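The block underneath contains the structure these notes are about, expressed in structure tokens.
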Amino acid sequence: MEGPDSIIKISTPGRICLFGEHQDYLKLPVIAAAISKRVAVEGKRINEDLVRIQLPDINEEDRFQIIPEIPYLKERDYLRSALNILQRAGFTFTGGINCTVKGEIPINTGTSSSSALIVAWINFLSRISDQKQILPAEKIAELAYKSEVLEFSEPGGMMDHYSTAIGGIIHLSSDPFIRIEKIKPLDSAFILGNSEEPKDTTGILARVKQGVIRIISGLKERYPEFDLRNISPEDLSIYEKDLTHDEMNLLNGTITNRVITEQAFKVLKSESIDHSLLGKLLNRHQAVLRNDLKISTEKIDRMINTALDAGALGCKINGSGGGGCMFAYAPFNPEKVLEAVRIIAPDSYIVYVDEGTRSENITGIL
């Protein structure tokens with residue numbers, strides 16, 4: 001066991017979904033970027049049979065013992081579920097842990113504060129375990145996805161875990177298996193604007209996800225050749241008699257977003273980025289999220305219009321929607337855009353694409 005000076009500090013970024021909102025849980029591709037707002041776990045092993053976690057950002061403390069199956073005391077009890085997942089994977093923990101969690105990622109705003117915390121926590125735990133194992137980013141993401149989504153039967157996908165673990169900009173597809181392509185990071189600034197409107201992440205995910213799944217299931221029964229991965233928006237008219245107006249909007253929005261994501265992937269992979277085209281694709285994406293998936297809000301729409309008027313090239317709501325954050329792509333005049341957005345949403349920042357989960361400093365034998 002390490003001595004009392006063996007301190008481990010792990011930090012993990014939040015993320016924005018550039019393209020493919022509400023796509024990853026349908027096994028459609030997404031493009032996400034880690035951002036320069038991070039959460040950190042810092043601590044060490046102790047000679048007590050106890051885990052003590054200080055959470056000063058929310059003025060809380062959590063304490064529990066490590067046993068083979070740690071019981072959950074609340075919904076989405078991620079700090080305990082991560083330990084259970086790691087123990088099932090063969091990790092052991094002799095003694096206890098004393099640590100502190102601090103973050104600058106806006107909470108419950110669509111910037112993956114919870115997923116970033118779980119990724120940081122698993123990275124921290126694997127290093128502080130008896131095995132002292134430094135896991136690859138992809139493995140950390142896999143374990144974090146199990147801890148947050150599968151363990152609690154949540155409706156979300158795996159974009160948050162892979163983007164915050166790996167960092168930079170990634171293109172993630174998961175059909176028929178997980179494939180990740182790293183994209184050259186943009187040096188340009190983004191404006192992250194927090195509407196401070198509360199989100200109903202679970203409710204919106206369930207409405208949109210379950211709605212699309214129900215539509216797909218019904219269409220496949222009548223049209224076995226129907227495939228969400230390659231149908232075009234122009235082909236949807238043949239299904240009008242089978243769907244309600246709202247169902248057609250939801251399906252059209254899902255397929256249009258897939259097409260926009262494919263187009264954006266080509267732009268981002270090009271040698272010279274067409275900033276104007278990238279902005280236009282973001283704006284098209286937002287229009288679909290607002291009009292077809294209906295996940296934007298009046299305040300976020302005002303923030304977006306203000307950012308565009310101030311010189312942003314493209315904007316969209318970020319995350320599952322219904323509140324939370326938007327972001328603006330402002331490669332040329334970020335300070336002017338930030339100043340304009342802050343008139344409506346004071347809790348707004350300039351952010352950049354950042355690295356994934358990392359060790360900030362490790363002392364002792366690790």
Side-chain angles (χ1 to χ4, degrees), residues 14-26 28 30 32-33 35 37 75-76 78 105-117 148-149 152-161 163-164 190-215 244-254 256-258 260-261 282-308 314-328 341 344-349:
R15 71 99 185 95
I16 54 176
C17 176
L18 293 175
F19 296 94
E21 213 74 75
H22 287 276
Q23 302 273 288
D24 62 331
Y25 53 68
L26 298 171
L28 295 175
V30 297
I35 58 171
K37 289 285 181 183
E75 287 186 328
R76 309 181 192 106
Y78 302 139
I105 305 171
I107 297 173
N108 194 29
T109 63
T111 46
S112 296
S113 58
S114 62
S115 299
L117 171 59
E148 182 175 12
V149 178
F152 297 100
S153 301
E154 294 287 340
M158 57 185 65
M159 167 181 61
D160 298 357
H161 312 92
S163 59
T164 59
F190 293 87
I191 309 305
L192 183 68
N194 182 7
S195 72
E196 299 189 79
E197 295 178 305
K199 294 170 72 273
D200 178 19
T201 301
T202 303
I204 289 179
L205 279 173
R207 174 179 65 81
V208 177
K209 176 183 179 180
Q210 296 306 323
V212 175
I213 289 174
R214 186 171 58 251
I215 292 167
T244 67
H245 176 74
D246 288 343
E247 287 173 334
M248 278 294 294
N249 281 344
L250 192 56
L251 183 59
N252 178 71
T254 299
T256 302
N257 280 343
R258 189 208 75 214
I260 291 171
T261 301
L282 286 169
N283 291 332
R284 284 182 56 200
H285 195 353
Q286 168 62 18
V288 172
L289 297 174
R290 181 186 62 243
N291 300 330
D292 293 335
L293 273 61
K294 302 185 186 305
I295 67 167
S296 195
T297 70
E298 186 273 337
K299 182 175 182 179
I300 286 176
D301 290 343
R302 284 194 292 119
M303 293 165 65
I304 285 173
N305 291 333
T306 297
L308 292 172
C315 308
K316 63 177 282 289
I317 194 168
N318 185 59
S320 58
C325 282
M326 53 72 71
F327 68 83
V341 172
I344 302 174
D347 189 31
S348 300
Y349 318 89

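None of the values given here were measured: they were computed from a predicted structure.
- If you take CZ on R258 and CG on L26, they are separated by 11.5 Å, rounding to the nearest 0.5 Å.
- Between the side chain of T111 and the backbone N or O of P106 there is at least one donor-acceptor pair closer than 3.5 Å.
- D160 contributes no side-chain N or O that, together with a main-chain N or O of S115, makes up a donor-acceptor pair within less than 3.5 Å.
- Taking NZ of K199 as the reference point, atom CD1 of I107 lies at 13.0 Å (rounded to 0.5 Å).
- Relative ring orientation between Y78 and F152 is described as perpendicular, the plane-to-plane angle rising above 60° on a 0-90° scale split at 30° and 60°.
- Listed for the H285 side chain is no donor-acceptor partner under 3.5 Å among the backbone atoms of N257.
- K299 and E197 are not joined by a salt bridge, as no carboxylate oxygen comes within less than 4.0 angstrom of a charged side-chain nitrogen.
- Counting heavy atoms from C-beta on, the side chains of I213 and Y25 never come closer than 4.5 Å.
- Of the residues L28, L250, L293, the one that meets the side-chain contact (heavy atoms from CB on, under 4.5 Å) test with V212 is L250.
- Under a 3.5 Å cut-off, the side chain of E21 and the backbone N or O of N318 do not form any donor-acceptor pair.
- A donor-acceptor contact shorter than 3.5 Å is absent between the side chain of S195 and the backbone of C325.
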Do E148 and S114 pass the side-chain hydrogen bond (donor to acceptor under 3.5 Å, both in side chains) test, and can you show the C-alpha distance, the side-chain angles, and the key distance before you say yes or no? CA-CA 8 Å; E148 182 175 12; S114 62; 2.9 Å; yes

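- The structure places CD1 of I304 at 8.5 Å from OG1 of T297, a figure rounded to the nearest 0.5 Å.
- Side-chain atoms of R15 come within 3.5 Å of backbone N or O of G110 as a donor-acceptor pair.
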